[in-house]
> 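Next up is a structure, given as structure tokens.
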Amino acid sequence: MTSEATEAGGARRPWHRRLRDALVATLERTVIVLMLVLVLDVLWQVLSRYVLRAPSSWTDELAVFLMTWTALLGAAVAYARRAHLGLDYFAGKLPARHRRRAALFTSAVVFLFAVGAMIVGGIRIVHLNILTGQQSAALAMPMSWLYLALPVSGCFIALFAAEEWAELRAGTDEDAEEGS
Amino acid sequence: GCTRDAPRTITLRMAHPLDVSHPIHQAAEFMQRRLAEESGGRVRLEIRPNSQLGSSRECIEQVQMGILDLTVSSAATLEGFIPEMGVFSVPYLFRNEEHYWRVLEGDVGQRILEAGKSVYLRGLCFYDAGSRSFYTRDRIIRTPADLDGMKIRVMQSRVCMQGVRALGATPTPISWGELYTALQQGVVDGAENNPPSFYTSRHYEVCPYYSLDRHFRIPDLLLMSPARWRRLDAEDRDLIERVAQESSRFQRKLWAEHTKQSLEALREEGVEIVRPDRGPFMERGRAVQEQYRGTRLGALIDDIRSY
Amino acid sequence: MSADVSMLVLSLVFVLLLVLNCPVAVSLGVSTFAAITVTVGSPFAAVQMIAQRMVSGIGSFALLAIPFFILSGLFMGRGGIARRMIDFADRLVGRLPGGLGHVNILTCMLFGSVSGSSAAAVSSVGGFMIPEMNRKGYRPEYNVAVTTTAAITGLLIPPSNAMIVFALASGGISIAAMFVAGLVPGILFGALLMGVNTVQCRLHGYGAERTARDDRPLWPAILRALPSLLLVVIVLGGILGGIFTPTEAAAVAVLYAFVLAVLIYREVKWSEIPGMLLQCGVATSVVMLLIGTSSAMSWILAYEDVPGRVSAALLGLTSNPLIILLIMNVLLLLVGTFMDMTPAILIFTPIFLPVAVEMGMDPVHFGVMMVANLCIGLCTPPVGTSLFVGCGVGHTTLAEVIRPLLPFFAAMIAALLLTAYIPQISLWLPTLFGLR
Ligand code: NA
Ligand code: NA
């Protein structure tokens, strides 16, 4: 089973690959919309101050909120597209067999990080904020909504890492050779 | 019977967002010295100033998580965690400085310190943060009528916003770090703070008018992690409580000097400082106190007024 | 004691994960998790702590300028701005010996000055310039060497995402001051690179292409480049004049670049915009995730007082600030060969800045020096974004580019030393504008 075969015949892609692609497409659309609203929000802030002469008090807060969600959902997209910065120099020098092992190991590490720090840690922070009923100053928005971006993004990254792991597991050392 | 082990050394970690020259940091260093003296070096206090471990809000969260043992925070920031802290943002609640400290050192003060138990925060003592007054860009404030329609920057606290609105101004929450530019650009017409903060922030460069109406007295609190507290033995708890009280009195003296020096320095910088008649301001402030009648905060307000 | 153990764990886990090609952001997060668990004793507290630092690291209003400068750079790169700047630069320096090399450097500086990152400059300027230079008889690997090194000036010349990241990591230096401080060093880097280009072109006989006098008038080229150059005026003037915050200036830059590229030049189609927004979102997320997890790492470093201890150790080594400065620069150059710029700034600012301040160095000067130093690393193997993009655009290999790169490295090191040891180069302009 070579990667060309799986790419070419769309119907023959395994179910987890199809699920992943659908999730990535949804995330991408969300990031586009969030980015657009982010640009408009800050432009509105300038406009309200200089043209309408009534500086808006909520644009700052909304911008930070949008940015946090954009960055964290975008981080999941970036992971799916392998866009995160890494140091491929040393791993690239390994023979294919060891390189596949290294890749299996790092996708497991990413999975554990997403589950531990982003999902568990994130949920604990969300819980603490719900407990104390923290609200943002201008929009009076529950702070837990801000922190919620972390576990949500963590779920996607964990899924993508698990999918990558399964893919590597099912593949052969030669795939790893081609992939680099 | 049980044999006593070698005395257990204890390291307490404190973080706060203030500069090392701030009276709060000096009070922390005073505590550090006194704890070492009183325990023969057994109880150590490590201090991380300057927001090294995060903003005030984040330090409070770290205390809640039990990662940090101690932090110092303004009651205004704490309002987001402990609703009772909002009481300090009710304008003209305290008649004068004497009344203020009598309340804080009495059983109402104790009640406020203990109000954070359910959210994993234990108050140890109050520190002085003076009284807050208005400073403005274009004209000085002498009567409450001068405030009408003015856009005034306030801290990110709901009660605070309500208080400033009741005094006649339009409250605008802006983060402290961006306030200088906001004043410069005329996003707001003025702000309010105590004299030392007004001086050290250099806001007087854009706001040459300071009107000492002293509407809020919002203390800082020394907070401890209840999880850490429970792990201490009775002797150490006593020691920490005692030293905290000492540091509070030490800090109050420093603060008074600090305030005097700041006001002098502001005058030297050419800031026009007035002491308006507080009567008409207090009248507007009383309206806010009535608004809270029947709420949890209302009961606390009544207790303070009758203290 | 326990601090030493936790720092040892931190370094070992971090290096191991990096070597195995785990994403840097995740390596930072996992090694920090291990260190906090060792220190505090509770893995639950550790994950909660990392979660807090990640969200607070990302959620800063100042950082918002980064996606906006990336997005305006995308509009300018695809919207025909780079081509107009090449025409303009060509009219200015095209007739000097080694002409096209100079045009390349100057365009990189001009284009770098409107976009926030060097990769943008390499791909858009290199995409035009390298084939053109190949055609005129310059060797391809030489052209890649010129472009990749010239592009890094864009990180010194404002606006610059690297300066924003430093301002943030330093905890409270004004972004405006950092922007203005980078201008002169950026021009210095460009000037020294042009010097090397002159010598190299004489040696290899490049650039005899333009002997005849160009009689076309100069003003159409200026006029065509003017709208693009105006962006610098809007961004810098807006920030310095107190009209915009850096974030607002960046958003206005997006609007301006959008109007130029889509409505006036019409070189970007409406249908391309969602793709650009996505590209910007993903590029931003890569930086933000790094900022988030490195903010967790700098938290544990501060908790264990590592900056204080490193500072004491370095200052105990020698009392000569010139030597300490040299040690810091050599360390940063080594770091820069392996590590990308953003993580390097985020990890080493909290460690080295206190030392620099202790020595009496101005934090703004230190920041410019650090960014200049790490810029060099962007063009060095094994890890160098600018170099990778350059080799891709120029269809050469790393091995071929190394030799022609060496004289340019020498020029950059010289520029770095000047920046490090003559504070006025960085501080003259910010002082002039009253920013420090
Ligand atoms: Na730039
Ligand atoms: Na490098």
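Numbered from 1 within each chain, the chains take letters A, B, ... in sequence-line order. The shown structure was predicted, so the numbers you read here are calculated from the model rather than taken from an experiment.
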> Determine whether A:Glu164 and A:Arg82 satisfy the following criterion, salt bridge (Lys or Arg N to Asp or Glu O under 4.0 Å), listing intermediate values before the conclusion.
CA-CA 11 Å; A:Glu164 187 183 61; A:Arg82 293 159 202 265; 3.4 Å; yes
> Does the side chain of C:Leu230 reach to within under 4.5 Å of the side chain of C:Tyr256, using non-hydrogen atoms?
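Result yes, sub-4.5 Å side-chain heavy-atom pair found.
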> Side chain, backbone, both or neither: which part of C:Val24 has an atom under 4.5 Å from a heavy atom of chain A?
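Both parts, backbone and side chain.
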> Which bit of C:Leu63 is near chain A, if near means a heavy-atom gap under 4.5 Å: side chain, backbone, both or neither?
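The answer is both parts of C:Leu63.
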> Which pairs pass side-chain hydrogen bond (donor to acceptor under 3.5 Å, both in side chains) with one or both residues in residues 26-36 of chain C, sequence neighbours excluded?
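Checked against side-chain hydrogen bond (donor to acceptor under 3.5 Å, both in side chains) - neighbours excluded - no pair reaches residues 26-36 of chain C.
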> I need the residue from C:Leu290, C:Leu18, C:Ile50, C:Val254 with the largest number of non-hydrogen atom pairs under 4.5 Å to chain A.
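Greatest number of close heavy-atom pairs with chain A: C:Leu18.
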> For A:Ile32, is it the side chain, the backbone, both or neither that has a heavy atom under 4.5 Å from a heavy atom of chain C?
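For A:Ile32, the contact with chain C is made by backbone and side chain together.
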> What residue, out of A:Leu73, A:Leu66, A:Leu146, A:Thr106, has the most heavy-atom pairs lying under 4.5 Å from chain C?
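Option with the top pair count is A:Thr106.
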> I'd like to check C:Pro23 versus A:Val110 (side-chain heavy atoms, cut-off strictly below 4.5 Å). Are they in contact?
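Contact flag for C:Pro23/A:Val110 side chains = yes.
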> For the side chain of A:Glu61 and the backbone of A:Leu139, is there at least one donor-acceptor N/O pair under 3.5 Å apart?
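Yes, because the side chain of A:Glu61 sits within donor-acceptor range (under 3.5 Å) of the backbone of A:Leu139.
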> With chain C, which of A:Gly74, A:Ala103, A:Ala76, A:Gly92 has the greatest number of heavy-atom pairs at distances under 4.5 Å?
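When all of A:Gly74, A:Ala103, A:Ala76, A:Gly92 are compared, A:Gly74 has the most.
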> Taking side chain as everything from C-beta outward and backbone as N, CA, C, O, which of these in C:Leu71 sits under 4.5 Å from a heavy atom of chain A? Side chain, backbone, both or neither.
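Only the side chain of C:Leu71 comes within 4.5 Å of chain A.
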> Would you give me the side-chain donor-acceptor pairs under 3.5 Å for residues 34-46 of chain A, sequence neighbours excluded?
residue: A:Gln45; atom: OE1; partner: A:Thr59; partner atom: OG1; Å: 2.8
residue: A:Gln45; atom: NE2; partner: A:Asp60; partner atom: OD1; Å: 3.3
residue: A:Gln45; atom: NE2; partner: C:Glu248; partner atom: OE2; Å: 2.6

> Less than 3.5 Å apart, any donor N or O on the side chain of C:Thr380 or C:Thr337 sitting next to an acceptor on the other?
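Distance-only check fails for C:Thr380 and C:Thr337.
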> Out of C:Leu289, C:Thr245, C:Leu64, C:Ile273, return the one with the most heavy atom pairs under 4.5 angstrom to chain A.
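Among C:Leu289, C:Thr245, C:Leu64, C:Ile273, the one with the most close pairs to chain A is C:Leu64.
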> Which bit of C:Leu278 comes within less than 4.5 Å of chain A, counting heavy atoms only: side chain, backbone, both or neither?
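For C:Leu278, backbone and side chain are both near chain A.
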> Mind ranking A:Arg81, A:Arg49, A:Met118 by heavy-atom pairs under 4.5 Å with chain C and telling me who comes out on top?
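Looking at each of A:Arg81, A:Arg49, A:Met118 in turn, A:Arg49 comes out on top.
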> Give a yes or no answer on whether the side chain of A:Thr70 reaches the backbone of A:Val31 with a donor-acceptor pair at less than 3.5 Å.
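No.
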> Tell me, out of C:Ala251, C:Gly275, C:Gly292, who's got the most heavy-atom pairs with chain A below 4.5 Å.
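That would be C:Ala251.
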> Can you tell me which portion of C:Phe68 sits under 4.5 Å from chain A's heavy atoms? Options are side chain, backbone, both or neither.
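For C:Phe68, the contact with chain A is made by the side chain alone.
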> Non-hydrogen atoms of chain A under 4.5 Å away: do they reach the side chain of C:Ile58, the backbone, both or neither?
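Answer is both: backbone and side chain atoms of C:Ile58 are under 4.5 Å from chain A.
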> Would you call the rings of A:Trp69 and A:Phe65 parallel, tilted or perpendicular if under 30° counts as parallel and over 60° as perpendicular?
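It falls in the tilted class, 30° to 60°.
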